[in-house]
Amino acid sequence: MPAYIVIGAQWGDEGKGKIVDVLAEKMDLVLRFQGGANAGHTVLHGNTKYVTHLVPSGVISGCSMNIIGNGCVVCPLTLLEEMRILEKQGIAFSPQNFALSGSAHMVLPVHKYLDKCLNEKIGTTVRGIGPAYTDKVQRTGIRWETVSAGTFEAAYHEHLDLVEKVYAVIDKAELEELRRALPQLLETVEILKPYIRDIRPLLSRALSENKNILFEGAQGTFLDIDHGTYPFVTSSSTSIGGAFTGSGVFLDFDKRIGIVKSYTTRVGEGPFPTELFDETGERLRRNGNEYGATTGRSRRCGWLDLALLKRSCLINGFNYLVFSKISCLSGLGPLKVAVDYDAAGKAIYTELPGWEEDLEGCRDFNALPKNCQTYIRFVEDFLQVPIGLVSTGPDRNNVILRKALFSS
Ligand code: IMP
């Protein structure tokens, strides 16, 4: 049973969408195990651009079953809106190809409101993620199974009564507004009701039938609630551990694929030892079009941080790396990579020679400039994990395959 997992090795936005899309084509089941609409996966098929936030990317390539696992937090309004947009692009949804775990928690309008009020210092995506997970852990959240059980409406009122008691930040007028959101929510969850399932039987059937399974991570390892740069993190387990709690099944993943951007970016606040504040950082932002798919915010850019990535490999046990956006490094001059930190936490760099050539669309490793080959080999040697695939452009065909992606 070939099982694959794709995880962002840095702070998210490593280009997971494209690889997941390539993999998903051969998958029988794709599952999202954490996060919510804070994620944004962009996939380019020819001239058509698809952006998914909540639904697994497998829907785009026509994978036969796509699951939102219990580890996710899902806003009914956002989910339905996303499905409608994808339907307009020709993607079909039915309970035969899409399921939402009844144990997943809901993101409600009140969570988005609280996110805006409480989480400014983190620089969140304001999608209600932190407050929804807070409710989950506090055991005051609303799970999707309440819709199937017919208890959602009562739970909604009970939840807002509790919110009124706990949060002084919400005034009477705002509460009224939140109560008025109920009819639209009721209408929406009714439409989504056929998709709500106990996902365990789906997973155990896929396992017993030796199906190809892909777990699709969102965000990146250093946004993990436990292993990331706390408190400047998201509220879910973005690293490999989240795959198990977020699905309710143990999988001995054949390929644990880490997506590594060939430089570093992060959105929002928090430490970033290799951040560049100069013209080079600006050029990386321009070359890589480093603006968020979810919020449109410009991303902070910096040199590749191998000390950070070494830790990512330890956390996730990667056995295959994808090196993305290499074409964005052309023309930058000598390239620095952080190999350690000093006592004050400042990055210690090694400098490698750069290259001028445009690499966009290159598909042959030997056709890459020698300095680019050296850069890739340096990373691989440092991390002691093979770089199996190098991505050289946004299109799904712009890849250099060095090591088979699929297990036979
Ligand atoms: P939240 O996930 O909206 O609570 O935001 C927490 C932190 O994670 C903020 O710094 C966000 O910018 C960051 N974040 C959340 N989702 C993503 C993502 O998909 N890519 C990159 N950063 C993200």
Side-chain angles (χ1 to χ4, degrees), residues 6-20 32-43 50-57 68 71-75 78 82 105-137 141 216-239 242 246 258-261 263-272 275 284-285 288-302 305 308 312 324-325:
V6 170
I7 288 181
Q10 293 143 312
W11 277 291
D13 309 311
E14 296 91 351
K16 292 180 287 297
K18 173 173 155 176
I19 301 308
V20 164
R32 278 253 342 243
F33 53 88
Q34 47 74 221
N38 48 349
H41 286 176
T42 307
V43 168
Y50 301 92
V51 180
T52 58
H53 298 283
L54 279 165
V55 303
S57 306
I68 298 183
C72 297
V73 287
V74 182
C75 167
T78 312
E82 182 172 330
H105 275 250
M106 279 196 193
V107 174
L108 295 165
V110 66
H111 295 127
K112 296 182 192 177
Y113 181 77
L114 288 171
D115 204 358
K116 206 162 44 185
C117 300
L118 305 174
N119 290 326
E120 205 174 331
K121 86 164 189 201
I122 311 286
T124 74
T125 59
V126 205
R127 297 297 191 272
I129 305 299
Y133 277 114
T134 301
D135 262 332
K136 171 178 174 169
V137 175
E216 175 182 7
Q219 288 86 43
T221 298
F222 295 102
L223 290 174
D224 187 286
I225 185 75
D226 288 286
H227 305 296
T229 44
Y230 191 90
F232 302 101
V233 292
T234 189
S235 300
S236 64
S237 301
T238 58
S239 54
I259 314 295
V260 177
K261 196 184 287 195
Y263 48 99
T264 314
T265 61
R266 96 169 279 178
V267 199
E269 301 306 313
F272 183 173
E275 184 166 11
L284 276 174
R285 190 171 301 115
N289 190 26
E290 296 295 352
Y291 301 91
T294 300
T295 60
R297 287 184 291 175
S298 75
R299 298 177 185 141
R300 299 158 63 191
C301 297
D305 187 341
L308 188 87
S312 190
S324 70
K325 296 190 117 171

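Note that ligands are numbered from 1 as they come in the structure, with each ligand's atoms numbered from 1 the same way. In this chain, numbering begins with 1 at the start of the sequence shown.
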Those atoms of ligand 1 less than 4.0 Å from some heavy atom in T125: 1 (P), 3 (O), 5 (O), 15 (C)
Would you mind listing which atoms of ligand 1 come within a distance below 4.0 Å of any non-hydrogen atom of W11? 21 (C), 22 (N)
Exactly one of R285, R266, R299, R300 should register a salt bridge (Lys or Arg N to Asp or Glu O under 4.0 Å) with E275. Which one does? R300
Close-contact set for ligand 1 against L223 heavy atoms, below 4.0 Å: 8 (O), 13 (C), 14 (N), 22 (N), 23 (C)
Does the side chain of D305 pick up a donor-acceptor pair with the side chain of T264 at under 3.5 Å? no
Mind checking the NE2-NE2 spacing from H111 to H105? Nearest 0.5 Å is all I need. 9.5 Å
Could an N or O of ligand 1 be found under 3.5 Å from any N or O of T234, whether backbone or side chain? yes
Ligand 1 contacted by G123 (non-hydrogen, < 4.0 Å): yes
Taking both backbone and side-chain atoms of V267, is any N or O found less than 3.5 Å from an N or O belonging to ligand 1? yes
Can you confirm, on distance only, whether ligand 1 has an N/O atom lying under 3.5 Å from any N/O atom belonging to S235? no
Taking every non-hydrogen atom, the tightest pair across I259 and Q10: O-OE1, 4.1 Å
Among side-chain atoms of T234 and N38, is any donor-acceptor pair under 3.5 angstrom? yes
Short N/O distance, under 3.5 Å, between N38 and ligand 1? yes
Looking at K261 and E290, is there a salt bridge between them, counting it only when a charged N and a carboxylate O are closer than 4.0 Å? yes
Under 4.0 Å from a heavy atom of A39: give me the atoms of ligand 1 that qualify, with their elements. 19 (O)
Numbered atoms and elements of ligand 1 in range of R297, under 4.0 angstrom, heavy atoms: 11 (C), 12 (O)
Salt bridge (charged side-chain N to carboxylate O under 4.0 Å, His left out) filter on K16, not counting sequence neighbours, yields E14
Can you name the closest pair of heavy atoms from Q34 and S236 and give their distance? NE2-OG, 3.0 Å
Looking at ligand 1, is there an atom of it that comes within less than 4.0 Å of some heavy atom belonging to Q219? yes
Indicate whether any N or O donor in one side chain lies under 3.5 Å from an N or O acceptor in the other, for S237 and D224. no
Given I225, T229, T124, identify the one with the heavy atom nearest to atom 4 (O) of ligand 1. T124
Give a yes/no verdict on whether any heavy atom in D115 is under 4.0 Å from an atom of ligand 1. no
Need the ligand 1 atom indices (1-based, order shown) with element for anything under 4.0 Å from a heavy-atom of D13. 20 (N), 21 (C)
